[in-house]
Every structure is written in structure tokens, then in C-alpha cells.
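Worksheet: the structure to be examined is printed underneath.
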Amino acid sequence: MASLSFYSLLMVGFLLRCLAVVSQQNELSTMLELQKELQVPGWNPSGSDYCSWVGVHCNSNGSVERLELPRHELQGNISVISLLKALKWLDLSNNFFHGPIPSTFGNLTALEFLDFSSNKFESSIPTQLGGMLNLRSLNLSNNMLNGRIPNEMWSLERLEELQVSGNKLTGSIPNWVGNLTNLRVFTAYENYLSGRIPENLGSDSELEVLNLHSNNLEGLIPMSIFASGKLEVLVLTMNILNGSIPESIGNCEGLSNLRIGNNRLVGSIPASIGNISSLTYFEADYNHLSGEIVPGIARCSNLTLLNLANNRFTGTVPSELGELTNLQELIVSGNNLIGKIPRSLLRCKNLSKLDLSSNGINGSIPEELCNMSRLQFLLLGQNSIRGEIPHEIGNCIRLLKLQLGGNYLTGAIPPEIGKIKNLQIALNLSFNHLYGPVPHELGKLDKLVSLDLSNNQLSGSIPSELKGMLSLIDVNFSNNLFTGQIPNFAPFQKNPSSSFSGNKGLCGDPLNSCGGSFGSGGSNRHKVSYRILLAVIGSGLTVFITVTVVVLLFMMREKKERAAKAASVALDGTASPPSITASNIFVENLKQAVDFENAIKATMKDSNKISSGTFSTIYKAVMPSGLILSVKRLKSMDRTVLHHQNKMLRELERLGKLCHDNLLRPIGFVIYEDIALLLHDYFPNGTLSQLLHDGAKAEFEPDWPRRLSIAIGVAEGIAFLHNVAIIHLDISSSNVFLDSNFNPLIGEIEISKLLDPSRGTASISAVAGSFGYIPPEYAYTMQVTAPGNVYSYGVVLLEILTTRLPVDEAFGEGLDLVKWVHGAPARGETPEQILDSRLSTVSFAWRKQMLAALKVALLCTDATPAKRPKMKKVVEMLLEVNQE
């Protein structure tokens, strides 16, 4: 009997070993199949030791327990992963996976952690995910998922973190989310969710983070979310919530981030807000809140941002706010506040933004206001402030924007304002009772973009020294008592005549020309005679030059018309069409829709021209089928490609097969005579350069998330090119095209191979790149390199952050954007003064991300090529910025 038992045990052990071997063989088979599908770098398909592969962790039985492959640029079918039954941890975030999430993942019953964030998964969330009964963390954020959050997931009782933000989800938040007793983090922001927040959310859990901003949620803020007192972050902005702020919010002493703006909340701020000693950010703007601003807020000693703008608050600005020594932004504009500016605020030494505009604030501007040395935004417009502008205003040397318009200020404009050299966004003194001349010292404000002195009693002439305001775009001198001639200064003449109207003694462009009689006396007569003589000579020269130019233009037009007529005749069939030596369309379903002769014809009309770059000119072409294409005509310097035509065709076909979402790949080509045309998709949103610079004078949209997304996309595209050994020859914002969703696509990728298909780099003697983007070492290396690409990308990133051109006279002689940014510390300027303040001042989150991205740009534009990061590292750093 004992012997039988012994042999039974041996048999059981043998069977277990057999099962383990079979299990390992199955696991190996699964992993080899996964390697074949995903092509993961560092995975050896010929080896059997899959447990040593990158991102793979096994248990003692050889079963895969953890699979961590974030940011590997992976794509493909991942359904085979569901065969790894022992899997507990799966991280595939920040890759290029698309299509539906496989429903078979519901079979992974041992899984505890699942992160599919920042991919392109679409369709709805599979109901089968409810089968992952041990799941503690689920992150599906930043995909393209739609539909509802499935009710079938109610069984995920162990969930501690549920993140589904940045998708296209609809419907309401399921009630089962409120039943999750272990829930600590729930984020579902930037979706299309509607209905009410579950009334039991957080009541039986230790909820720490709740972020639901940018949805269509309505109803009350549930008191349950404050029940445990563990809440640290609450973000409900941009919904349609109503009711009041619950008094129980004071239970959460660890709450650091409270953002409830852009809703329909009513009532007053509860007095219990003062209990939240850790509160750092408090935003409740654009609601219907009323009553007085509770002085108890001053007990929130860590507060750095207080934004109560555009509500219905009454009373005065509490003097107790001066106790907030960490306060950086105080924004209470658009309320019904009265009283004087509290002098206690002068104790807020860290205050960078003071916005009391559009209230009923009275009294005068404190002379000591500029003792707050970090003040960058002083916005006191549309109040009832009286008295003179103190001369001490010149001590506010860090100011970026000064808004004092719409008050009852009197006296002269202090010349000391000319000392505020950093003033760049706006100087607005309009609609006051200011008198006297405009100080010529204002001409020292060479960074200023907008100047409004309208609707005062200012007199005298407009000083010619204002020509020193090199960055000026918008001006308004209307409705004053100015006399004399408007200085001949381009920003003045480019503004409408209404900017100077209402000044009876003022004349000159853009108003009517100046009149008046000549003076008497010998000297004056001589001056008049010389003027007349010079005018006659000038007129004669003008007529001569005009006639010459007209004749030349006529000859050029006639020549062009003859050429166009000849081309037209050739193309309409009355003569032989151009001799097409080679052509092809790489996309099968477009072959019938493209007409090569129409593509050629489109490049012969200037009216079709979209843009002109270093290597090519791009035209818009409408096919008879209705398809719209961009046709790129290579410039003459690139016709050397015709000597390598067979190699060129192979390169074009290879490039047409490159698969990356941020590359503008050719869909075809046509070669006729000695001209090469490349065919691409047409993108109506134009280029990144047009978005940043052409739209700067139009209506401005605060769009930092879009800009950051574009920056990441461009970086990912360049990193991909470097991975396949392609060096781009002309990285610039003009070569970044934007699709209908503002996804960036890098153009001109084919040029690096077409100029010399035998090499992956090109000589600078043949390629100049775009001015302002060329790295300094090209002057002596004469070679285009990957670190040079990184530098050019860094310039693009600086453009995105500053909205400034790579080369601009405003930087000063010998300076470009890179030198201007790197030289900021020497000029005593802070990083915040480099950034586009219209973006960086929207929120602390945006500013934090922009400052982090600025550090990346500075690394990329280091003068030493070896110190620049690789593009893959740049992508990683920017993705980290996006998570902040």
C-alpha cells in the first residue's frame, strides 16, 4: 500500500512536470507569435528564453506575469496576449495600436494592471472586460473609444484606479462606479458624458482624485465625494453643474486642487473652505456664485492660485488675502466688488498676476504697488479708480501687460512707463481723463505688441520716437487732441484710419494727407523752392521707374502667357501632350481617381500655388474625379534626380510604403521632360507655420494642448525617420502639414533620398535648408546629420512655445530665435517672459507644461551637437510633459 502511494506520488510529480513543460511550450509559442506580430526590438525570435526579452517578466514556472512595452512605437494585432493566462501586469501605453480592444482580454482573470493609454484604440469598450475580476488598475485614456462605459464591468470590485479620459465616450457615469469600495482615482475628463455624477460616488471608498472636466455633466456636486475626507484633487470644470458648493468640502483637509469653473453653480463660498490648509489651486470662475468673498480663504496658507472671475460677488476684496504669501495669481475680475485696492496685498511678494478688472473698485493706485517685484500682469481696467498713475509704476520692471483703461484717471502719462522694457502684450490707458503729451520714452518699449491711448484728452504730436516700438501691431490714438502729422511708421500705417480718428488736428497716412499754406519770408521761400524742385525731380523719377516696371511686367506676363498657352494647347489635345517618361500611384484605390495630365496642368497656374519651400513649390490640383491633391514640383536644383531615375523610382515607392501617422508620404509621382512632380494628399489646414504666424494677427485661440500634441507628433515622425536611417534635409514649421484633426505630417521626407539615392545624408553644398533652422555646425562640417535634425526640431519647438518667427529683426542685430531664447538669463528675463503669455497664463498646468517643454527645446538647440538628445529621447521627454 505504501509502495503504491509512493509510485502514485512519483506519477503525480511526473505529470506535473509534463504539464509545466507543455505550459512553457505553449507560452513560448504564444510569445513567438507575438514577436512575429509586433516586431519588438530586443526580442529574439530564434531563442527560447523569452523570459529574458525586453519588458518580459516570468514567474518561477516560466509563465509570463508582466509585459511592459510602453513607448516602443508598436502596432499590430495584440489579441494573442490573451493566451498568457498567468499575466498580472500589462502596459502597452504610448504606442500606435488601433482598432477595437480585443474582447478576449476578458479571459485574463489574473490580470491586476492594464494600461492601454495613449494609443488609437477605437470602437466601444468591450463588455467582456468585466471578466477581469482581479483588476485593480484600468487605464484606457487618450484613445478614440466611443459609446458608453459598460454596465457589465460592475463586477470589477477590486478597482482602485479607473481612467478613461480623452476619448469620445457618451452616456452617463454608471452607478456601479459609486459602488467601488477600493476606488482611489477616477478620471473621465474630455469626453461627451452627460447626466448626473452618481450620488454615492466616494461614499464607501477613499477617493483621492476625481477629474471629470470638459463633459456635459449636470445636477449637483455630490456630498459623497467629500465623505471620506481623503480627496486630494477635484476637477469638474466645463460642465453644466448647478447647485451650491457643499459645506462638507471642508472635511478634505488634504485637498490641494479644487477646480469647479465654467459651470452654473450658485450660492456663496462655504466658510469651511478655510479648513483646507493644503489648498494650492482654487478655480471657481464663470459661475453664478454670489455673496462676499469669505475672508477665511486666507487660512489656506499654501494657496498659489485664486480665480473667482466672472461671478456675482459683492463687497470688497478681503484685506486678509494679504496673508497669502505664496499667492501667485489673484483673479477676481468680472464681479461687483467695490472699495479700494487693499494695501495688504503688497505683502504678497510672489504675486505675478493681479486682475481686479471689470468691478467697481475705487480709490487710487497705491504708489507701493510695484513693491511686488514679480508682478507680470496688472489688470485694473473697467473700474472707478481715480487720481494719477503713480510715477513708481516704472518700478514694475517685469510687467508683461498693463491694463488701466476704463477708469477716471487724470494727469499726464508717466514717462517712467518707458522703463518697463519687458512690457510686451499690451499697454492700455484708454477711456480715462489723461492729458498732456505722449512721453517719447514710450518708444523704448520695443517688445510691446498693443498700445491703446484712445479716448483721453492727450495733446501735442505723436512722438516720432515711438518708431522704436519694433514689435507693435495694434495701435489706437483715437478721440484725443493730437495734432500734426502721423509719423511714417509701418505699424501706424497698417492700422485702420479709425485708430487715429477723432483728432481734429491730426493728418497723414492712414488719415487724409496734411494740408496748410506755405510760410512767407526769404528762407521759407528758398525751402519751398527746393521742395518744389525735389518734388518735380522725384515725380520724374517715379514716372520713369513706373513706366519701366510696367513694361517689364508686361513683357514677363506676355512670356508667361505664351508658355501657358502652349502648355494649355498641349494639354487640351490640340497638340501633342507632354511626354510623360514615368508615373505611378502607390495607393491602389486612388489609381482611377488621379489624372496625371491634370496634375501637370495645375502646376502651370500661379493661382494654384500653395507654398514655396527650399526644394519645391506646392500646388493645389483638382482631379476630374473630384479628388484634391497637393502637387510638389521639384525645383531645378533637384533635377539631378533624373540622372538616377531608376533609383529614384525605387526610393519613391519605398517611401510611399513608410507607415507612420506623422509622415506626409507621396501617393504617387509623374515625370515629364526634365520635371519631376510628387503627388500628396491635400491638407486644407495648411502648415504649422501658417497656424502659428499667419493666424497671430487674427482671432487668437488659447490652444496649448493642440500645440503640444503637434510638437509630440513632429518629434515622433522625425524619430521614426532616424530609426529607418533617413535624415531629413529641411525640418521647419513650413514643412509640417496639418490634417483635418490638426495631426502633424512632416513633408519633404523624400528629398533626402532623391538628391542622391545612393546615400542617406546630403552635402550642405547642395542643400541649404531653411534660414533660421540650420544648426551652427553646418558652417564647417558641410554635412546634414541626425543631431542637426534635432537642432532644427528644437527651433520648431521654440516657435510653438513663443509664437515667434525663427528670424526676426525684433531680436536685435545678429540674433535669431535660438540665440534670443538662450540669451534670456543674461538679459535678466525669466523663462515665463520667453513663452507666449497668452497661453502660459491660462492655467498653472499649461505654464508648467510649457516650461518643461522649453527645457527640452533648450537641450535640442545646444550649440554642441554631442550634447543634444536623440529624437527618441526627445519624444520620451515630451510625453512626460504631456502627463504632467
Side-chain angles (χ1 to χ4, degrees), residues 220-221 223 226 234 236-237 241-253 255 258-348 351 353-366 369 372 378-386 406-407:
L220 307 177
I221 299 176
M223 290 188 290
F226 310 114
L234 176 62
L236 302 175
T237 53
L241 299 170
N242 54 38
S244 59
I245 305 172
E247 185 76 27
S248 55
I249 194 171
N251 298 339
C252 303
E253 296 182 5
L255 186 63
L258 174 58
R259 299 177 186 264
I260 50 178
N262 285 271
N263 281 287
R264 299 176 183 174
L265 301 173
V266 297
S268 59
I269 299 174
S272 63
I273 199 82
N275 299 338
I276 311 176
S277 57
S278 60
L279 192 62
T280 304
Y281 304 123
F282 181 21
E283 286 183 337
D285 53 323
Y286 289 95
N287 279 290
H288 305 307
L289 298 171
S290 57
E292 296 191 354
I293 299 174
V294 291
I297 291 180
R299 300 205 307 275
C300 304
S301 56
N302 289 304
L303 203 62
T304 59
L305 169 67
L306 177 59
N307 186 351
L308 305 177
N310 295 285
N311 280 285
R312 299 169 181 173
F313 290 112
T314 55
T316 61
V317 177
S319 60
E320 289 84 352
L321 297 185
E323 300 170 16
L324 297 172
T325 55
N326 292 310
L327 194 63
Q328 295 180 25
E329 295 195 15
L330 173 59
I331 307 170
V332 292
S333 56
N335 284 286
N336 300 309
L337 300 171
I338 58 173
K340 298 179 180 180
I341 301 172
R343 291 185 177 271
S344 61
L345 291 181
L346 303 177
R347 299 199 297 267
C348 300
L351 202 63
K353 185 171 186 177
L354 176 60
D355 187 355
L356 307 179
S357 59
S358 299
N359 280 288
I361 304 294
N362 51 43
S364 59
I365 300 174
L369 193 61
M372 295 184 288
L378 179 57
L379 311 176
L380 304 177
Q382 288 73 53
N383 279 292
S384 300
I385 300 173
R386 300 177 182 274
N407 282 289

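- Residues in residues 278-293 take part in these salt bridge (Lys or Arg N to Asp or Glu O under 4.0 Å) pairs, two or more places apart or across chains: Arg259-Glu283.
- In plain terms, the two heavy atoms of Ile221 and Ile260 that are nearest each other are CD1-CG2, 4.4 Å.
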As a quick check of understanding, evaluate side-chain contact (heavy atoms from CB on, under 4.5 Å) for Leu369 and Leu346, giving each step before the final call. CA-CA 6 Å; Leu369 193 61; Leu346 303 177; 3.9 Å; yes
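- Nearest heavy atom pair, residue Ile276 against residue Leu255, reads CG2-O, 3.2 Å.
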Below 3.5 Å, can you tabulate the donor-acceptor pairs from side chains in residues 328-345 to any protein atom, sequence neighbours excluded?
from   : atom 1 : to     : atom 2 : distance (Å)
Glu329 : OE2    : Arg847 : NH2    : 2.8
Ser333 : OG     : Asp355 : OD2    : 3.4
Asn335 : OD1    : Asn311 : N      : 3.1
Asn335 : OD1    : Arg312 : N      : 3.2
Asn335 : OD1    : Phe313 : N      : 3.1
Asn335 : ND2    : Leu308 : O      : 3.1
Asn335 : ND2    : Val332 : O      : 3.0
Asn335 : ND2    : Ser333 : O      : 3.2
Arg343 : NH1    : Glu368 : OE1    : 2.5
Arg343 : NH1    : Glu368 : OE2    : 3.3
Ser344 : OG     : Ser319 : O      : 2.6

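- Expressed to the nearest 0.5 Å, how far CG of Asn275 lies from OG of Ser248 amounts to 11.5 Å.
- Here the CD1-CG distance, from Ile245 to Leu241, works out to 11.0 Å after rounding to the nearest 0.5 Å.
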List the steps and the verdict of side-chain contact (heavy atoms from CB on, under 4.5 Å) for Leu279 and Leu258. CA-CA 8 Å; Leu279 192 62; Leu258 174 58; 3.9 Å; yes
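- Closest heavy-atom contact between Leu379 and Lys353: CD1-CE, 4.1 Å.
- The heavy-atom pair separating Asn287 from Arg264 by the smallest distance is OD1-N, 3.2 Å.
- Side-chain atoms of Asn383 come within 3.5 Å of backbone N or O of Asn359 as a donor-acceptor pair.
- Nearest heavy-atom pair, Phe226 versus Ile249, reported as atom, atom and distance to 0.1 Å: CE2-CG1, 3.6 Å.
- Side-chain contact check for Leu327 versus Leu306: some heavy-atom pair is nearer than 4.5 Å.
- Rounding to the nearest 0.5 angstrom, the gap separating the CG atom in Leu351 from the CG atom in Leu324 is 10.0 Å.
- Pairing each heavy atom of Ser272 with each of Glu247, the nearest pair is OG-O, 2.6 Å.
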Give the C-alpha distance, both sets of side-chain angles, the deciding distance and a yes or no for side-chain contact (heavy atoms from CB on, under 4.5 Å) between Asn242 and Leu220. CA-CA 5 Å; Asn242 54 38; Leu220 307 177; 3.6 Å; yes
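- Rounded to the nearest 0.5 angstrom, Tyr281 OH and Leu234 CG are separated by 15.5 Å.
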Between Asn326 and Thr280, does the side-chain contact (heavy atoms from CB on, under 4.5 Å) criterion hold? Intermediate values first, please. CA-CA 9 Å; Asn326 292 310; Thr280 304; over 6 Å; no
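- To the nearest 0.5 Å, the span separating CG on Leu378 from CE on Met372 amounts to 7.5 Å.
- With sequence neighbours excluded, no residue forms a ring pair (Phe, Tyr, Trp, His ring centres under 6.0 Å) with Tyr286.
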